[in-house]
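Here the structure comes first, spelled out in structure tokens, and everything after it is commentary.
Indexing begins at 1, ligand by ligand and atom by atom, following the structure's order. Numbering starts at 1 and runs along the sequence shown.
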Amino acid sequence: MDLSTQDITYCKGVGTKRADILRKELGVHTALDMLQQYPYKYIDRSRFVYIHEIDNEDTFVQIKGVITEFHTVGIGKAQRMVAAFSDGQRTIELVWFRQIQYLKLQLNTPYLLFGKPSAFNHQYNFVHPELTPWDKVKPEMTSGLEPYYNTTERMKKAGLNSRAMRAIILNLKEELRQGLPETLGIDLVHAYHLMGRAEAVYSVHFPKDTSTMQQARARLKFEELFYIQLQLLRQMKRREQNTGYKMPVVGRFFHHFYRDCLPFELTGAQKRVIREIQGDLRSGSQMNRLLQGDVGSGKTLVALLCALLAADNGYQTCIMAPTEILAQQHMQTVSDMLRDTDVQVALLTGSTTRKRRESLHAALRAGQIHILIGTHALLEDEVQFANLGLCIIDEQHRFGVAQRSRLWYKNEHAPHILVMTATPIPRTLAMTVYGDLKVSVIDELPPGRKPVQTIHYTLYRKGAVYRFMEQQIAQGHQVYVVFPLIKENEKLDLQDLQNGFEEICQAFPQYRVSMIHGQMKSADKDFQMQRFQRGETQILVATTVIEVGVNVPNASVMVIMNAERFGLSQLHQLRGRVGRGAEQSYCILLTRVELSKDTRQRMDIMVATNDGFRIAEADLQLRGPGDLEGTQQSGLPFDLKIASLATDGRLLELAREAAQTLLNDDPLLEKERNRIYKRQLDLLRLTATNWSDIS
Ligand code: ADP
Ligand code: MG
């Protein structure tokens with residue numbers, strides 16, 4: 001029987017009701033789908049411990065012993081069953097709070113106890129342990145690694161817990177023994193010393209020992225990552241065939257700006273990146289490139305120089321920013337820098353007036369505007385260009401893929417695309433989420449920057465922080481004070497911010513304070529931002545609307561209130577708002593006293609390093625890829641069933657290398673021996689609806 005066509009409904013132990021839940025909750029339609037629900041952990045059931053060996057709450061243990069005594073305690077809802085369990089040497093307490101009327105405990109009969117100890121009153125006990133009379137213990141229960149399966153709330157309600165999942169899979173054991181067809185070419189299996197697929201799927205559910213289990217998992221992870229890479233790299237190759245607007249000229253606009261207007265020498269990294277982009281622009285194929293650089297590494301200038309190259313070749317550029325504030329600021333920076341040139345720049349955002357819009361649309365269509373800066377307002381269909389050739393998307397993660405693809409249709413061919421990240425992203429994420437883009441990295445900060453000093457204080461030391469702010473302002477600097485936004489309750493958030501604002505106003509009566517937040521009208525935000533930018537106010541109290549890109553070089557202190565509520569990349573991005581001038585700058589993280597282990601680690605990393613690449617890696621390790629900024633909105637474009645972007649970096653590199661080698665030899669996968677890959681890709685495309693969304 002072919003497992004891939006065997007309906008899950010008719011598998012032993014399933015039936016219509018469970019099948020329905022499995023389909024809805026896990027997308028399991030067939031027996032094979034079920035077998036591809038891989039365990040997320042294993043517990044070694046071949047090991048028994050003695051009570052005196054228990055020394056933590058983190059691991060499941062099993063003990064052989066007898067109940068020497070039991071009785072109920074308390075009445076009504078507080079009633080519980082307490083038993084003493086002895087392994088012949090020592091005794092440990094067992095407790096049940098629920099359904100104690102069904103408990104049938106036997107004194108002095110051997111039991112197998114399985115459970116996770118908990119610490120209570122400086123002693124360990126077991127709450128609701130699993131007890132099996134010794135004569136009912138089946139050999140496979142204690143013979144090796146027990147797999148644990150992911151389930152959802154709805155599944156658990158229907159009795160489909162990990163154990164039930166295991167039982168269903170156990171029923172497929174014999175069929176699985178007859179084998180599954182291989183999904184990787186035999187030369188690849190050999191070259192990378194991989195376990196065969198049939199053995200791997202078998203061993204991942206029924207592992208003989210730890211090393212077999214690990215080899216099985218490595219094989220399945222490799223396969224999963226390999227097909228993602230194959231898909232992405234084919235996409236990249238296919239796009240290289242897309243006609244792109246040819247921009248071979250380095251002309252008047254670029255030269256004039258470079259010679260006469262550039263306020264400083266480009267860093268080596270900026271120069272290299274511009275050469276890489278230039279190479280794409282003149283190649284005749286459409287560019288799809290990711291520009292990574294740490295906060296403050298000078299991505300804006302690179303974007304501007306690329307726009308000038310496009311203009312030199314008769315093409316228009318649009319620069320798209322995720323927020324209105326950022327778009328306005330880009331507009332200001334760019335038009336300042338272009339002051340002494342005849343390059344025409346315009347701004348289009350949600351708050352551009354109808355009248356202004358109309359003349360703007362006309363000017364764009366007439367080709368009188370070289371660079372259009374804006375928010376997603378410039379995606380609208382009525383925004384038409386004479387000859388759009390380049391789109392630069394700043395802080396990309398805020399835009400959904402669907403939004404981005406609307407840019408593709410604004411000219412006859414798709415324009416060149418340059419995506420810029422706000423902060424670095426970890427290598428494994430870059431290789432998957434952006435794996436179909438070429439990557440440029442600005443790995444050098446402009447010279448003369450003093451690294452921001454980061455300090456972590458508890459809220460008790462707010463007074464000291466205020467005194468420090470005072471000193472800095474007295475020296476002519478400015479200060480940001482940021483409050484977190486907790487989206488669940490906007491009203492409360494605003495109240496927090498308002499209170500914070502008033503407290504700061506009272507603490508600094510001699511200085512002027514601005515406030516901005518996301519709920520303000522754009523004109524008001526503007527007004528406040530400009531007052532701070534011009535130095536008319538000394539303190540800016542804000543929510544994270546200032547997170548991305550805002551540039552006020554005279555600001556030297558960033559105070560982050562309730563820093564425990566922010567993620568690492570957000571903290572790094574906020575910190576990047578200071579340290580933009582020549583003076584020493586400071587970032588002060590204020591948190592409560594009691595911190596979780598995770599939060600403490602986050603604060604420690606922030607204090608220890610300014611390196612955005614290191615922070616991005618740490619963020620991935622701490623939070624896992626699903627929670628990372630940059631993937632939240634758009635989501636990982638594929639579900640990983642077994643591999644992890646946090647821990648399988650090495651396998652990912654190998655998988656990408658293997659896919660690359662394969663495509664170098666046979667770009668269209670036409671060779672007879674590569675049919676297996678083509679077939680598998682087609683299969684994956686059928687099952688994964690969102691493959692095609694990767695733009
Ligand atoms: P980000 O990469 O975070 O977007 P920006 O483009 O905002 O960084 O640049 C940060 C600051 O560094 C700006 O004030 C910019 O004018 C300045 N800058 C950019 N390139 C250089 C350079 N080569 N030398 C000195 N300052 C630079
Ligand atoms: Mg920027």
_Under 3.5 Å between any N/O of Gly298 and any N/O of ligand 1: does that happen in this structure?_
yes

*Distance-only, no hydrogens or angles: does the Glu583 side chain make a donor-acceptor pair with backbone N or O of Asn554 under 3.5 Å?*
no

_Contact partition for Asn551 relative to ligand 1, non-hydrogen atoms under 4.0 Å_ = side chain

*asked:* Can you name the atoms of ligand 1, numbered from 1 with element, that are less than 4.0 Å from a heavy atom of Thr267?
replied: 23 (N)

*Is ligand 1 under 4.0 Å from a heavy atom in the side chain of Leu266, in the backbone, in both, or in neither?*
backbone

*Contacts of type side-chain hydrogen bond (donor to acceptor under 3.5 Å, both in side chains), residue Lys237, not counting sequence neighbours*: none

*Please could you name the atoms of ligand 1 that Val295 approaches to less than 4.0 Å, counting only its heavy atoms?*
3 (O)

*asked:* Considering Gln292, Arg580, Gln270 one by one, which has a heavy atom nearer to atom 20 (N) of ligand 1 than any of the others?
replied: Gln270

*Taking atom types as modelled, is there a side-chain donor on His256 or Thr341 under 3.5 Å from an acceptor on the other?*
no

_Whether Gly293 lies under 4.0 Å from ligand 1, heavy atom_ = no

*Close-contact set for ligand 1 against Arg449 heavy atoms, below 4.0 Å*: 10 (C), 11 (C), 12 (O), 17 (C)

_Please confirm whether Gln329 approaches ligand 1 to less than 4.0 Å, judged on its heavy atoms._
no

*Would you kindly say whether Thr537 and Ser514 are connected by a side-chain donor-acceptor distance under 3.5 Å?*
yes

*Give a yes or no answer on whether the side chain of Arg339 reaches the backbone of Asp336 with a donor-acceptor pair at less than 3.5 Å.*
yes

_Heavy atoms only, cut-off 4.0 Å: how does Arg577 contact ligand 1, side chain, backbone, both, or neither?_
neither

*For Asp294, counting its heavy atoms only, list the atoms of ligand 1 lying under 4.0 Å from any of them.*
2 (O)

*Have a look at Leu301, Thr300, Val552, Thr421 and point out the one with the heavy atom closest to atom 4 (O) of ligand 1.*
Thr300

*Could you tell me whether the side chains of Asn242 and Glu240 share a donor-acceptor contact shorter than 3.5 Å?*
no

_Quick one about Ser351 and Glu324 (side-chain donor to acceptor, distance below 3.5 Å, no hydrogens or angles considered), yes or no?_
yes

*Give the numbers and elements of all ligand 1 atoms closer than 4.0 Å to a heavy atom of Glu265.*
22 (C), 23 (N), 24 (N)

_Applying side-chain hydrogen bond (donor to acceptor under 3.5 Å, both in side chains), can you list everything that pairs with Lys271, at least two apart in sequence or on another chain?_
Glu265

*For the side chain of Gln538 and the backbone of Arg512, is there at least one donor-acceptor N/O pair under 3.5 Å apart?*
yes

